[in-house]
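Note that the structure is a prediction, hence the values are computed from the model and not measured. For the single chain, residues carry numbers from 1 onward in sequence order.
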Amino acid sequence: MTGDGLSDGHWFEPLADHLGETYLRYSFTKGTSQEVDALVELLHLEPGARVLDVGCGPGRHAHELARRGIEVVGLDVSERFIAIAREGAPAGASFVVGDARAMAFDAEFDAAYSLCQGAFGLLGGPAADPDDPEAGDLAVLDGLRRAVRPGGRVAVSAFNAYFQVAHLDGSTRFDARTGVHHERTEIRDPAGAVAEVDLWTTCATPRELRLLAARAQLDVLAVHGVTPGCYGAAPPSIDLEELLLLARRGGG
């Protein structure tokens, strides 16, 4: 981050440290149950399945899946978020600190996902390799593919580039070269203390998601248009703010 007095590192880590439990007060976190309903259907999950949640944040999806009898391992780069996720976690949900670009899981899971720009989509801006700006997101997709068993399904959400460009205002910028949406905003910690921060989120088109998935050797099943708390199988649209990629690892 720049100009905010927070510590160095991946730009998301000090943001998560400052937010803490306040993250769960944002409106986009309120549709967890419906989103998990959709995940169960799209990923063909049944009780007893083993699932990987990449960029799990405070663990809201992992907790809900575990309450439904599904074993979940959540991974996030933020130690603060992982500590929150572990508090009161239901049986079947466990959490580890780790970099989504360097996962070492090997065919251990029935399915895997990265939602709400928890990992995939946060690797542009200052976190990107200037010579290969897609490398970070591609590494996440490759790690998700390797983590699931042959035939296992993968779901990834991304900001919809068409929606973001259509709704730009004076407080945001969109880099047409990299597809990164930049916003300067204020966040509060649980005690109400304010920090001014930069947010960099990589946006995508359906075509770009399909091409990235193919580079990661994933078989694309669908790209849906979604909004937080309203996941499903709607077609992508300029009016829907996110995209949901559904793919599978070949060989099953």
Inter-residue atom distance [X].[atom1] - [Y].[atom2], 0.5 Å rounding:
X    : Y    : atom1 : atom2 : result
C230 : E35  : SG    : CD    : 9.5 Å
S33  : H61  : OG    : NE2   : 10.0 Å
L19  : I187 : CG    : CD1   : 4.0 Å
R215 : E134 : CZ    : CD    : 6.5 Å
L141 : R101 : CG    : CZ    : 14.0 Å
L221 : R210 : CG    : CZ    : 12.5 Å

So, does [X] use its side chain to make a donor-acceptor pair with the main chain of [Y] at under 3.5 Å?
X    : Y    : result
N160 : L240 : yes
R184 : T172 : no
E71  : A66  : no
R145 : R249 : no
K30  : P228 : no

Using the rule that two of Ile, Leu, Val, Met, Phe, Trp, Tyr join whenever any of their side-chain heavy atoms come within less than 4.5 Å, decide whether [X] and [Y] are in one cluster.
X    : Y    : answer
L42  : L65  : yes
L244 : V40  : yes
L218 : L52  : yes
L122 : V180 : yes
V223 : L138 : yes

(request) Give me the one residue out of L209, L212, V154 that meets side-chain contact (heavy atoms from CB on, under 4.5 Å) with L245. (result)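 Between L245 and the candidates, side-chain contact (heavy atoms from CB on, under 4.5 Å) is satisfied uniquely by L209.
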(message) Using the side-chain contact (heavy atoms from CB on, under 4.5 Å) definition, which of the options L243, V226, T205 pairs with P236?
(response)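 Among L243, V226, T205, the one meeting side-chain contact (heavy atoms from CB on, under 4.5 Å) with P236 is L243.
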(request) Would you please name every residue forming a salt bridge (charged side-chain N to carboxylate O under 4.0 Å, His left out) with R149, sequence neighbours left out? (result)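 Scan of R149 (salt bridge (charged side-chain N to carboxylate O under 4.0 Å, His left out), adjacent residues dropped) gives D110.
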(message) The criterion is salt bridge (charged side-chain N to carboxylate O under 4.0 Å, His left out); which residues satisfy it with D175, sequence neighbours excluded?
(response)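 D175 satisfies salt bridge (charged side-chain N to carboxylate O under 4.0 Å, His left out) with no other residue.
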Check whether more than 12 heavy atoms from other residues, nucleotides or ligands sit under 6.0 Å from atom [atom1] of [X], and answer yes or no.
X   : atom1 : result
R67 : CZ    : yes
R25 : CZ    : yes
E41 : CD    : no
E21 : CD    : yes

Are [X] and [Y] side-chain neighbours, meaning at least one heavy-atom pair lies under 4.5 Å?
X    : Y    : answer
I70  : V72  : yes
L43  : L246 : yes
S157 : Q117 : yes

Can you name the residues that form a side-chain contact (heavy atoms from CB on, under 4.5 Å) with [X], not counting sequence neighbours?
X    : answer
E108 : R50, F105
D137 : F120, L123, T202
D219 : R248
L199 : W11, L15, E183, T185, V197

(request) Could you give me the CA-CA distance, side-chain angles and deciding distance for L144 and Y113, then say whether side-chain contact (heavy atoms from CB on, under 4.5 Å) is met? (result) CA-CA 7 Å; L144 288 166; Y113 61 85; over 6 Å; no
(message) Show every side chain to side chain donor-acceptor pair (under 3.5 Å) that has at least one partner inside residues 232-244, sequence neighbours left out.
(response)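 Checked against side chain to side chain donor-acceptor pair (under 3.5 Å) - neighbours excluded - no pair reaches residues 232-244.
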(request) Write out all pairs satisfying ring-ring contact (aromatic ring centres under 6.0 Å, His included) with one or both partners inside residues 126-147, taking only residues at least two apart or from two chains. (result)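 Sorted pair list comes back empty.
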Heavy-atom closest pair, residues [X] and [Y]:
X    : Y    : answer
A119 : V54  : CB-CG1, 3.9 Å
C203 : H181 : SG-CB, 3.8 Å
T22  : P190 : OG1-N, 3.1 Å
G57  : D76  : N-OD2, 2.8 Å
A161 : F174 : CB-CZ, 4.4 Å

(message) Would you say R60 and T32 are linked by a side-chain donor-acceptor pair, where the criterion is simply a distance under 3.5 Å?
(response)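 Short answer, yes.
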(message) side-chain contact (heavy atoms from CB on, under 4.5 Å), that's the test. Do L75 and C56 meet it? Break it down for me.
(response) CA-CA 6 Å; L75 177 143; C56 65; 5.6 Å; no
(request) Would you check, one step at a time, whether the test side-chain contact (heavy atoms from CB on, under 4.5 Å) holds for D17 with F81? (result) CA-CA 8 Å; D17 288 345; F81 276 176; over 6 Å; no
(request) Please identify each residue that fulfils ring-ring contact (aromatic ring centres under 6.0 Å, His included) with H44, with sequence neighbours left out. (result)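 Counting only residues at least two positions away or on another chain, H44 forms no ring-ring contact (aromatic ring centres under 6.0 Å, His included).
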(request) List for me each residue that meets ring-ring contact (aromatic ring centres under 6.0 Å, His included) alongside F163, sequence neighbours excluded, and say none if there are none. (result)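 Counting only residues at least two positions away or on another chain, F163 forms a ring-ring contact (aromatic ring centres under 6.0 Å, His included) with H167.
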(message) Under 4.5 Å side-chain heavy-atom separation, chaining through any Ile, Leu, Val, Met, Phe, Trp or Tyr, what else clusters with I238? Say none if it is isolated.
(response)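 When side chains under 4.5 Å apart are linked, the cluster holding I238 also contains Y162.
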(request) Any chance you could pull the hydrophobic cluster mates of V97, using side-chain heavy atoms under 4.5 angstrom and chaining through other members? (result)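 I82, F95, all in the cluster of V97.
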(message) Can you tell me how the ring of H182 sits relative to the ring of W200, calling it parallel under 30°, perpendicular over 60° and tilted otherwise?
(response)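 Parallel.
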(request) Step through it carefully: locate the ring centre of F28, locate the ring centre of Y23, and say whether they are under 6.0 Å apart. (result)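 Under 6.0 Å, so yes.
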(request) Please test L39 against V51 for side-chain contact (heavy atoms from CB on, under 4.5 Å), starting from the C-alpha separation and ending with a verdict. (result) CA-CA 11 Å; L39 282 180; V51 178; over 6 Å; no
(message) I'd like to know if R68 and D37 make a salt bridge, using a cut-off of under 4.0 Å between side-chain N and carboxylate O.
(response)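 Yes.
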